[in-house]
**Student:** 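The structure under discussion is supplied below as structure tokens; questions concerning it will follow.
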Amino acid sequence: MVDGSNLATEGRTLPSLQQLDEAVRAYSEEDPGSQITVVVDASFEHRIDESERETLREAMLNGEVVSPPAGAIGRGDAFVLRIAERTGAVVLSNDSFQEFHGQHPWLFDNGRLVGGKPVPGVGWIFTPRLPIRGPKSRAATAETRSKVDPESAPAKAAELARAAKKAAKRSVKKAVPVVHTSWPLVPSTPPPSRSGGRVPAPVDPELSSAISEAVAEALDPPQPERAVKKSTARRAAATEKDTTPKKSAAKKSAAKKGATKKAAAKKTASAKKAASTKKAASAKKDAPTKKSAPEMKTASAKKSPAKKSAPPPVLDLPGPKRRSAPPPPAVNEPLSFITFVATYPVGTTIEGEVVSFTSHGAMVDVALPDGGSLHCYIPLSAMGYPPPTKARQMLKKGEVRRFVLSSLDPPRRVAELSLPLTPTKKGRRTAKKPSKASP
């Protein structure tokens, strides 16, 4: 089965019937005993050059080229795969058919998909290939599994996402209630009573919070940096308003204390002045011709005491504005993270492949039930006690080994792993080191 629309457009913007004919002839020379059927889209005739349209009509009349009926679901790709599935034929195409991985898993069998490419000066080169998985492939596989097994983890995750979307649409249609900011907050209506005396089943709070945060972030992405700056400025203004009455009250109390100290100082100075006056009078009676030391002290005491200088006013200037950091980027897709959370609870031992190293740990890929994978993180502190200085001392790139799921990070949609610990002679626990290869 030849995907004619795909091979005719290889390396071009518009399809060419001549290029398709060269590809079919080259493959027939490579496999002489094969029976070749060419399938093109219904719009293929209108996209090729006008000089080739008459040749295409003759080929269709002779049965050399087949086209699906107009308006067919999936267009020519679905038509090609259905014929190949029924006849067990090999598909000649460079397409991965990601939308049909759930319906046609046989595409991943060896020898069922062959790709071809024209090489200048050589001609067409054909080679077996495997389809490439991607987001569309994972969604199609999960949808197919949910129809086959409604109780599987991908089916539950997909159903949860659909329910969250419906709830969000219903909440948008309803009117926004008025929020009262008075304190204390008193509910307008009492909470509904639980009838029947049924006790709800225990729910893991970490699992429920992780799923709710991931679904909320998928439906409502985080605000951009401008919105974060505005909200930070509003919080700073509100904080400044709250602290202004406190500062004014503190200034008033400080002024009252200063006035009390000044009054006490004046009373002390007047008492000293009266005592010095009495001493001077008695000294004049005893020795009227000579100025004694008490008179000098009296003269100095008559001078008005120096007023204390008031402290400089304290200016209440606002501090430098701090720029709020943007939210951290998400590592995985929402559906993949929800599937992982629904499949593996915290504390589970899972297998993963070490794919890369960082300055403070390593990244590990863990396979999901729907065929995809989730990027997980293992820090140096989770590799043993004492922790190693480099992750390469404990792990090897490409190594597949067991890890323990220690925690979840819903805002970044990433899981944190750790190595299984084993007891040592001294009572401490350390992680298993990878065994060295024999020479």
**Student:** Would you call the rings of H104 and F100 parallel, tilted or perpendicular, where under 30° means parallel and over 60° means perpendicular?
**Tutor:** tilted
**Student:** Should T343 and F340 be marked as a side chain to side chain contact (heavy atoms under 4.5 Å, CB included) after you check the CA-CA gap, both sets of side-chain angles, and the distance that decides it?
**Tutor:** CA-CA 5 Å; T343 306; F340 180 85; 5.9 Å; no
**Student:** Nearest 0.5 Å, please: how far is CG in L419 from CZ in R402?
**Tutor:** 13.0 Å
**Student:** Flag the pair Q393 / M383 as yes when at least one side-chain heavy-atom distance between them is below 4.5 Å, and no otherwise.
**Tutor:** no
**Student:** Would you say that more than 12 heavy atoms from the other residues, nucleotides or ligands in this model lie under 6.0 Å from the CZ of R82, or not?
**Tutor:** no
**Student:** For a quick test of reading the model, state the closest non-hydrogen atom pair linking F403 to V364 and the distance between them.
**Tutor:** CE1-CG1, 3.8 Å
**Student:** Check whether any side-chain N or O of S5 sits under 3.5 Å from a backbone N or O of D41 as a donor-acceptor pair, and report yes or no.
**Tutor:** yes
**Student:** Hey, could you give me the NE2/CZ distance between H101 and F108, rounded to the nearest 0.5 Å?
**Tutor:** 4.0 Å
**Student:** Check whether any side-chain heavy atom of T37 lies under 4.5 Å from a side-chain heavy atom of I83, and answer yes or no.
**Tutor:** no
**Student:** Taking C-beta and beyond as the side chain, do K166 and K169 meet within less than 4.5 Å on heavy atoms?
**Tutor:** no
**Student:** Please round to the nearest 0.5 Å and tell me the distance separating atom CG of L417 and atom SG of C376.
**Tutor:** 4.5 Å
**Student:** Cation over ring, R412 on Y377, under 6.0 Å and within 45°?
**Tutor:** no
**Student:** Taking all non-hydrogen atoms of both residues, which atom of A42 and which atom of P68 are closest, and how far apart?
**Tutor:** CB-O, 4.0 Å
**Student:** Keeping the roles fixed (side chain from S406, backbone from E416), state whether a donor-acceptor pair exists under 3.5 Å.
**Tutor:** yes
**Student:** Within this structure, what is the OG-CG distance for the pair S93 and L113, rounded to the nearest 0.5 Å?
**Tutor:** 6.5 Å
**Student:** Just by distance, do the side chain of R112 and the backbone of A89 share a donor-acceptor pair under 3.5 Å?
**Tutor:** yes
**Student:** State, to 0.1 Å, how close L107 and P131 come at their nearest heavy-atom pair, and which atoms those are.
**Tutor:** O-CD, 3.5 Å
**Student:** For the residue pair R129 and S96, establish whether any side-chain heavy-atom pair is separated by less than 4.5 Å.
**Tutor:** yes
**Student:** Q19 versus R12: any side-chain heavy-atom pair under 4.5 Å?
**Tutor:** yes
**Student:** Heavy atoms only: give me the nearest M394-P388 pair and the separation to one decimal.
**Tutor:** CG-CG, 3.6 Å
**Student:** Is there side-chain contact between I36 and Y27, with heavy atoms separated by less than 4.5 Å?
**Tutor:** yes
**Student:** Report the residue from D21, L20, L17 that forms a side chain to side chain contact (heavy atoms under 4.5 Å, CB included) with E52.
**Tutor:** L17
**Student:** A quick test of your reading: do over 12 heavy atoms of other residues, nucleotides or ligands sit less than 6.0 Å from CG of N62?
**Tutor:** yes
**Student:** Which heavy atom of S407 sits nearest a heavy atom of V346, and at what distance?
**Tutor:** N-CG1, 4.4 Å
**Student:** Please answer whether the main-chain N or O of G115 pairs with a side-chain N or O of N94 as donor and acceptor at a distance below 3.5 Å.
**Tutor:** no
**Student:** Is the side chain of T348 donor-acceptor paired with the backbone N or O of Y344 at a distance under 3.5 Å, no angle test?
**Tutor:** no
**Student:** Quick one: does D95's side chain have a donor or acceptor within less than 3.5 Å of a partner on F97's backbone?
**Tutor:** yes
**Student:** Of the non-hydrogen atoms in A391 and A362, which two are nearest, and what is the gap between them?
**Tutor:** CB-CB, 4.3 Å
**Student:** What distance do L335 atom CG and L368 atom CG have between them, rounded to the nearest 0.5 Å?
**Tutor:** 9.0 Å
**Student:** Is a side-chain N or O of R53 found less than 3.5 angstrom from the main chain of H46, in a donor-acceptor match?
**Tutor:** yes
**Student:** Rounded to the nearest 0.5 Å, how far apart are CD1 of I132 and OG of S137?
**Tutor:** 10.5 Å
**Student:** Working note: D3 + V38, criterion side chain to side chain contact (heavy atoms under 4.5 Å, CB included); need CA distance, chi angles, decisive distance, verdict.
**Tutor:** CA-CA 6 Å; D3 187 1; V38 182; over 6 Å; no
**Student:** Under 4.0 Å between a side-chain nitrogen and a carboxylate oxygen: does that hold for E351 and R401?
**Tutor:** no
**Student:** L408 versus V341: any side-chain heavy-atom pair under 4.5 Å?
**Tutor:** yes
**Student:** With a 4.5 Å heavy-atom cut-off, do M1 and V39 have their side chains touching?
**Tutor:** yes
**Student:** Would the distance check show the side chain of R413 and the main-chain N or O of N332 forming a donor-acceptor pair, the cut-off being under 3.5 Å?
**Tutor:** yes
**Student:** Checking the side chain of E10 only, and the main-chain atoms of L7 only, is there a donor and an acceptor separated by less than 3.5 Å?
**Tutor:** no
**Student:** Determine, stepwise, if the pair S67 / M60 fulfils side chain to side chain contact (heavy atoms under 4.5 Å, CB included).
**Tutor:** CA-CA 8 Å; S67 175; M60 287 184 176; 4.1 Å; yes
**Student:** Output, in order, the C-alpha distance, side-chain angles, deciding distance and verdict of side chain to side chain contact (heavy atoms under 4.5 Å, CB included) for I125 and K117.
**Tutor:** CA-CA 6 Å; I125 301 297; K117 197 172 186 67; 5.9 Å; no
**Student:** Is R57 paired with E54 through a side-chain N to carboxylate O contact shorter than 4.0 Å?
**Tutor:** yes
